[in-house]
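Throughout, numbering of the chain's residues begins at 1 and tracks the sequence. Every number for a ligand or one of its atoms is a count from 1 in the order of the listing.
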Amino acid sequence: MSEEALLKINGHEYTLPVTVGSEDEIGIDIQKLRAQSKCITLDPGYGNTGSCESAITFIDGEKGILRYRGIPIEELALKSNFIEVAYLLIWGELPNKAERESFSNQLTEHALLHENLKHHFEGFPGSAHPMAILSAMINALSCYHDDFTCPNSEETLETASAKLISKIRTIAAFSFKMFRGEPFRYPDPKRQYVSNLLHMMFSLPHKRYDASPVITRALDTILTLHADHEQNCSTSTVRMVASSGANLFSSISSGVCSLWGPLHGGANMAVIDMLEKIHQGGLDISKCVEMAKNKDSGFRLMGFGHRVYKNYDPRAKILKGICDEVFDELKIDQDPLLDIARKLEEAALEDSYFKDRNLYPNVDFYSGIILRAIGIPTNMFTVLFAIGRLPGWIAHWRELYLSGDKRISRPRQIYTGHTERSYTPMEER
Ligand code: SDX
């Protein structure tokens with residue numbers, strides 16, 4: 001394997017060192033490029049640019065491979081659970097019995113919000129989007145836990161992680177209750193993570209909500225599938241913000257804001273919106289596929305395509321199977337949106353436009369259909385994505401913090417504006 005790259009420009013030759021990862025990915029190290037050649041690289045959207053070296057998650061987009069700390073997502077989805085996976089992502093190894101018990105106890109211990117924080121919800125209009133509430137409340141949390149906002153030891157990081165992972169669930173449930181105009185339901189210390197989330201969302205003073213094991217397991221697996229995805233937009237945002245020395249809570253809050261976008265975590269909402277429009281409009285599937293191919297139509301096949309996966313997103317494959325389990329459990333034998341989704345997928349996968357561009361269903365294509373079947377409203381979908389992605393964001397914040405790389409992230413640019421010109425006085429404008 002060549003240990004260096006050769007760059008010829010402006011009549012000069014520059015040799016650039018090469019980094020090879022544990023899965024033989026090759027990175028041309030350009031850290032000294034500008035100093036040597038006065039040139040920079042240009043890569044809008046960073047599709048060809050590595051921002052860091054990381055040991056957390058490996059994706060092979062061509063082969064549709066996703067592994068957390070080396071363990072294939074298929075195995076984790078089948079054999080593990082969200083809290084164990086959160087521990088694996090953050091600390092690099094699956095927890096042993098004692099570690100899992102200690103972390104689980106911390107999650108129970110830190111499930112409540114400070115009572116003053118409860119009043120923050122009254123300041124939001126009933127129509128407030130839960131993602132706006134989530135990012136605001138995570139920052140507000142830092143005011144009540146300022147001793148954990150910059151964890152500088154594994155012990156304080158474990159407590160900070162437990163606080164965030166446990167309280168994000170309470171914040172999500174309280175925002176859901178506010179949206180529904182129902183009284184908040186407090187966490188039940190006897191319930192496991194997902195069962196407690198569903199309890200806080202759906203229990204009422206006069207009616208307990210106990211989700212079936214199939215539904216609880218399905219949602220737990222959805223969170224596991226969303227737990228990390230290397231340098232995606234929101235995780236890169238968390239790392240970018242953390243590079244300025246910003247605390248863990250504010251870095252996470254910025255990740256929530258990035259995830260909200262419809263091209264990223266907001267796609268699960270956009271998929272349902274798309275399917276409902278097709279259903280209500282009685283639109284013809286083949287016409288929808290044609291529209292998605294026509295850039296001027298402004299219509300994209302939401303839940304399709306991916307910056308990295310140029311093969312079927314392995315998470316979408318698993319979610320497709322969970323769809324059937326949930327629909328069987330809920331005895332839903334007919335769901336028009338699922339039918340439309342399946343027909344869209346079939347039509348797109350046979351169409352050369354999608355095949356030529358390696359556009360396949362991604363994690364968002366089926367997740368919304370499952371969440372909707374469970375009774376979770378569309379505006380909470382991306383909040384569920386954020387709950388799932390939180391351990392990944394924490395893992396990357398920790399990795400950056402431990403890396404000792406204290407340089408602030410600050411990309412360069414190629415300036416294309418006016419060259420120097422003088423100020424024009426008002427009378428001459
Ligand atoms: C997530 O990064 C991650 O890991 C993200 C994520 C995670 O876990 O964090 O996996 C979660 O965000 C999944 C993606 C959810 N977003 C969507 O489903 C929105 C719909 N998909 C797209 O907008 C798009 O595919 C992206 C944003 C996901 C990827 O965009 P890219 O890599 O910038 O690709 P592109 O826009 O340059 O598209 C390449 C070509 C273009 O056509 P040409 O210019 O080559 O003719 O494919 C076309 C695009 O027009 N295209 C689509 C399309 N997605 C890409 N055409 C129709 N429908 C689509 N969905």
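- Sorted by first then second residue, the salt bridge (Lys or Arg N to Asp or Glu O under 4.0 Å) pairs that include residues 211-223, not counting sequence neighbours, are R217-D220.
- Using cut-offs of 30° and 60° for the angle between ring planes, the W260 and H129 rings count as tilted.
- The heavy atom nearest to atom 19 (C) of ligand 1, considering only M302, K293, E230, K310, is found in M302.
- Listed by chain and residue number, K277 satisfy the salt bridge (Lys or Arg N to Asp or Glu O under 4.0 Å) test with D273 (two or more places apart in sequence, or in another chain).
- Cation-pi geometry between R357 and Y353 is met: the NZ or CZ atom falls under 6.0 Å from the ring centre, inside 45° of the normal.
- Of the heavy atoms in V271, none comes closer than 4.0 Å to ligand 1.
- Closer than 4.0 Å to atom 34 (O) of ligand 1 lies none of the heavy atoms of the protein.
- For atom 4 (O) of ligand 1, the closest heavy atom belonging to the protein is H229 ND1, 2.6 Å.
- Residue, atom and distance of the protein heavy atom nearest to atom 15 (C) of ligand 1 are D364 OD2, 3.3 Å.
- Of all atoms in ligand 1, numbered sequentially from 1 with element shown, those under 4.0 Å from a heavy atom of G303 are 17 (C), 18 (O).
- Applying the 4.0 Å criterion to heavy atoms of R357 picks out, from ligand 1, the atoms 40 (C), 42 (O), 43 (P), 45 (O), 46 (O), 47 (O).
- Within a 4.0 Å radius of atom 52 (C) of ligand 1, the protein contributes one or more non-hydrogen atoms.
- Within ligand 1, counting atoms from 1 as listed, the ones closer than 4.0 Å to a heavy atom of K295 are 42 (O), 43 (P), 44 (O), 46 (O), 50 (O).
- In summary, K320 and E325 do not engage in a salt bridge, as defined by a charged side-chain N under 4.0 Å from a carboxylate O.
- The presence of a protein heavy atom under 4.0 Å from atom 2 (O) of ligand 1 is confirmed.
- Looking at ligand 1, you'll find an N or O of F304 within less than 3.5 Å of one of its N or O atoms.
- Checking R389, R300, H306 against atom 22 (C) of ligand 1, the nearest heavy atom belongs to R300.
- With contacts defined as side-chain heavy-atom distances shorter than 4.5 Å, the pair Y309/L66 qualifies.
- For ligand 1 and A267, the ligand atoms under 4.0 Å from any heavy atom of the residue are 15 (C), 16 (N), 17 (C), 18 (O).
- Between R100 and E84 there is a salt bridge, since a side-chain N of the basic residue sits under 4.0 Å from a carboxylate O of the acidic one.
- In this structure, atom 17 (C) of ligand 1 has protein heavy atoms in its sub-4.0 angstrom surroundings.
- By the criterion of a heavy-atom distance under 4.0 Å, both the backbone and the side chain of L263 are placed next to ligand 1.
- The distance criterion of under 3.5 Å between nitrogen or oxygen atoms is met by L301 with respect to ligand 1.
- Atoms of ligand 1 found under 4.0 Å from any heavy atom of R307 (numbered from 1 in listed order, with element): 29 (C), 31 (P), 32 (O), 33 (O).
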